[in-house]
Amino acid sequence: MITPRIKPSSLWCHQPGADLFVQDQRQAKLGGFIANLAAMDELIDFAAIAARVDTACPRADRSKGGRPPYPTEVMVRLLFIQSLYNLSDEDCECQVLDRMSFQQWPRSLLNRPG
């Protein structure tokens, strides 16, 4: 007997035969990433590290124009993400563009006053 092909429906988000626990596992893993970032926020004073970096390596004068640099604290946070997840520069950029948790963690700094 030949079984009919099941055409995936655009209205049904979960494909038949898929593991029902995949979404739960994905959410748990994402929760782990968010927990790691929250723990880093509690343990590490990124503002102090950024101030020390700015003191040790002052930035060039941008009065003549050009694109403004990213805040030092954001760059320090991205360096920690690279170290924590063993990412290259290109992989870190790709992950920050892809993962919402990585986007919100450094981006929240850009909205802070001061």
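Starting from 1, each residue takes its place in the sequence as its number.
Scored by the side-chain contact (heavy atoms from CB on, under 4.5 Å) test, Q82 finds L79, L87, D89, C92 as partners (sequence neighbours excluded). Partners of D45 by side-chain hydrogen bond (donor to acceptor under 3.5 Å, both in side chains), not counting sequence neighbours: none found. Listed by chain and residue number, nothing satisfies the side-chain hydrogen bond (donor to acceptor under 3.5 Å, both in side chains) test with S83 (two or more places apart in sequence, or in another chain). By the side-chain hydrogen bond (donor to acceptor under 3.5 Å, both in side chains) test, D61 is found to be paired with S63, residues two or more places apart in sequence or in another chain being considered.
Under a hydrophobic clustering in which Ile, Leu, Val, Met, Phe, Trp and Tyr are joined whenever their side-chain heavy atoms come within less than 4.5 Å, directly or via other members, L97 and L84 fall into different clusters.
Between F46 and M40, the shortest heavy-atom contact is CE1-O, 3.7 Å.
Residue T72 holds its OG1 atom at 12.5 Å from CZ of R77, rounded to the nearest 0.5 Å. Note that the OH atom of Y85 and the CG atom of D91 stand 14.0 Å from one another [nearest 0.5 Å].
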